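For reference, the structure discussed in these notes is given below.
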Amino acid sequence: MSEQLSQRLWDENRDLAEACLEHPFIVGLADGTLSESRYGLFAQQDHFYLDAYARSYAWGAVRAQDWSTRRQFGELMSGILTEGTLHEKTAPELGVSLEDVQPLPAAREYTDFLLATASLGTVGEHLAAMAPCAKLYGWLGLRLADQPYDDKYGFWINMYSSPDYQEKVDIIQRLLDEHGDDSGSEAIKFRTAMELEYNFFDSAWVNGDE
């Protein structure tokens with residue numbers, strides 16, 4: 001499979017990446033005007049989401065046909081477990097509880113999509129459904145870090161622009177290039193995940209308080 005598959009799918013969906021970058025949630029994250037209520041709601045929803053994302057990586061490790069792929073899925077799952085500590089550290093400061101989170105429709109739709117694709121789709125479809133989250137957050141982190149930003153949510157920008165996180169992005173991109181067959185269904189899964197990413201940010205913005 002061409003090494004350009006992951007990049008081509010990303011390029012085909014740059015419109016949604018740019019829409020996320022310009023969304024008031026991300027703009028407020030960068031300039032520090034995002035309310036703690038909105039970020040706190042996002043943290044709760046993302047905590048719920050990351051649990052499903054980690055389980056989806058675990059599905060990949062189970063279904064992998066060789067040790068190299070299984071090991072890479074394991075590395076990705078380990079990275080997600082580390083990423084989850086971001087909310088555990090910051091939630092108390094925001095007065096946010098991560099216990100018994102009630103998912104909003106946007107979070108539930110996204111997690112259902114991921115787990116269904118992980119268990120029922122091809123390996124290529126599975127990776128096409130998961131790659132957008134990693135790639136988008138890494139891209140947003142680098143874009144925001146490349147401009148002046150407020151320290152209030154600097155921890156978020158620093159995590160997703162970090163070399164460690166970018167390494168995880170590279171791993172899933174390589175896996176998609178290796179296991180994808182460039183099918184129409186993979187393109188649909190990638191596009192759907194990107195749409196769900198936008199909806200996730202929008203949900204926290206619309207349902208949180210100013």
Side-chain angles (χ1 to χ4, degrees), residues 6-7 9-36 38-54 56-57 72 75-91 93-94 96 106-107 110 114 127-177 190 193-205 208:
S6 61
Q7 186 63 47
L9 288 175
W10 173 253
D11 290 342
E12 291 172 356
N13 290 276
R14 278 292 292 271
D15 61 319
L16 287 168
E18 295 289 349
C20 289
L21 182 64
E22 296 170 2
H23 192 281
F25 182 94
I26 297 298
V27 173
L29 194 77
D31 65 18
T33 60
L34 181 68
S35 70
E36 292 186 358
R38 281 172 167 152
Y39 183 82
L41 179 59
F42 167 82
Q44 289 178 320
Q45 298 302 302
D46 200 41
H47 184 73
F48 174 83
Y49 168 84
L50 287 174
D51 179 72
Y53 200 67
S56 185
Y57 275 139
Q72 290 178 87
E75 291 174 7
L76 290 168
M77 184 172 70
S78 176
I80 292 302
L81 296 177
T82 300
E83 184 180 344
T85 64
L86 174 72
H87 299 315
E88 294 172 359
K89 292 177 180 177
T90 59
E93 300 174 6
L94 298 172
V96 173
Y110 201 173
L114 283 179
L127 289 163
M130 296 198 70
C133 177
K135 176 66 176 179
L136 177 64
Y137 274 55
W139 182 80
L140 289 172
L142 290 175
R143 290 293 298 269
L144 297 183
D146 196 38
Q147 63 187 41
Y149 61 86
D150 191 274
D151 288 338
K152 183 176 182 180
Y153 298 110
F155 58 85
W156 194 97
I157 297 170
N158 292 335
M159 168 170 277
Y160 293 110
S161 63
S162 70
D164 285 346
Y165 188 82
Q166 296 300 321
E167 181 181 349
K168 298 300 187 295
V169 176
D170 290 342
I171 290 173
I172 194 167
Q173 296 283 89
R174 290 197 301 268
L175 283 171
L176 178 55
D177 290 335
F190 197 102
M194 288 292 289
E195 291 171 344
L196 291 168
E197 283 292 339
Y198 180 88
N199 293 344
F200 198 95
F201 290 129
D202 194 56
S203 179
W205 177 262

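The figures here come from the full heavy-atom set of this structure, side chains too, leaving out hydrogens, waters and symmetry mates. Counting begins at 1 with the first residue of the sequence. None of these values were measured; they are calculated from a predicted model.
Nearest heavy-atom pair across Lys168 and Glu75 is CE-O, 3.5 Å. Listed here is the closest heavy atom pair of Arg38 and Ala204: CG-O, 3.6 Å. Between Ala54 and Ile80, the shortest heavy-atom distance links the atoms CB-CG2, 3.9 Å. Closest approach of Gly32 and Lys152 over heavy atoms only: O-CD, 3.5 Å. When every heavy atom of Gln147 is checked against every heavy atom of Ala30, the shortest pair comes out as NE2-CB, 4.1 Å. The shortest heavy-atom contact between Ser161 and Gly141 is CB-O, 3.4 Å.
Note that SG of Cys20 is 10.5 Å distant from CG of Asn13, once rounded to the nearest 0.5 Å. The structure places CE of Met194 at 10.5 Å from CG of Leu196, a figure rounded to the nearest 0.5 Å. Rounding to the nearest 0.5 angstrom, the gap separating the NE2 atom in His23 from the CG atom in Leu29 is 12.0 Å. Taking OG of Ser162 as the reference point, atom CD1 of Ile157 lies at 12.5 Å (rounded to 0.5 Å). Put simply, CD1 on Ile26 and CG on Asp202 are 11.0 Å apart, with the number rounded to the nearest 0.5 Å. Summarising the geometry, atom CG belonging to Leu94 is positioned 10.5 Å from atom NE2 belonging to His87; distances are rounded to the nearest 0.5 Å.
Here the side chain of Ser203 pairs no donor or acceptor atom with the backbone of Phe200 at under 3.5 angstrom. Tyr160 places no side-chain N or O within donor-acceptor distance of the main-chain N or O of Leu136, the cut-off being under 3.5 Å. For the pair Gln166 (side chain) and Gly138 (backbone), a donor-acceptor distance under 3.5 Å is present. No donor-acceptor distance shorter than 3.5 angstrom exists from the side chain of Asp46 to the backbone of Phe42, with no hydrogens or angles considered.
Leu9 is listed as a side-chain neighbour of Leu176, based on a closest heavy-atom distance under 4.5 Å. In this structure the side chain of Leu34 reaches within 4.5 angstrom of the side chain of Trp205, judged on heavy atoms. Trp139 has its side chain within reach of Leu21: a pair of non-hydrogen atoms, C-beta onward, lies under 4.5 Å apart. Contact annotation: the side chain of Tyr57 never approaches that of Leu81 to less than 4.5 Å [non-hydrogen atoms, C-beta and beyond].
Evaluation of the side chain to side chain donor-acceptor pair (under 3.5 Å) rule for Tyr153 yields no partner, not counting sequence neighbours. Annotation: salt bridge (charged side-chain N to carboxylate O under 4.0 Å, His left out) contacts of Asp146 (sequence neighbours excluded): none.
Aromatic ring centres of Phe155 and Tyr39: separated by under 6.0 Å. Ring centroids of Phe201 and Tyr110 are separated by 6.0 Å or more, keeping the two rings apart.
With respect to the salt-bridge test (charged N to carboxylate O, under 4.0 angstrom), the residues Glu18 and Arg143 qualify.
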Practice item. Would you please test Trp156 and Tyr137 for side-chain contact (heavy atoms from CB on, under 4.5 Å) and show each step? Key: CA-CA 10 Å; Trp156 194 97; Tyr137 274 55; 3.6 Å; yes
Practice item. Decide yes or no on side-chain contact (heavy atoms from CB on, under 4.5 Å) for Gln44 and Val96, but give the supporting numbers first. Key: CA-CA 7 Å; Gln44 289 178 320; Val96 173; 3.3 Å; yes
Review point. Can you list the steps and then say if Leu175 with Leu76 is a side-chain contact (heavy atoms from CB on, under 4.5 Å)?
Key: CA-CA 11 Å; Leu175 283 171; Leu76 290 168; 3.8 Å; yes
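Gln7 and Asp11 share a side-chain donor-acceptor pair at under 3.5 Å. Asp31 and Thr33 share a donor-acceptor pair across their side chains, judged by distance under 3.5 Å alone.
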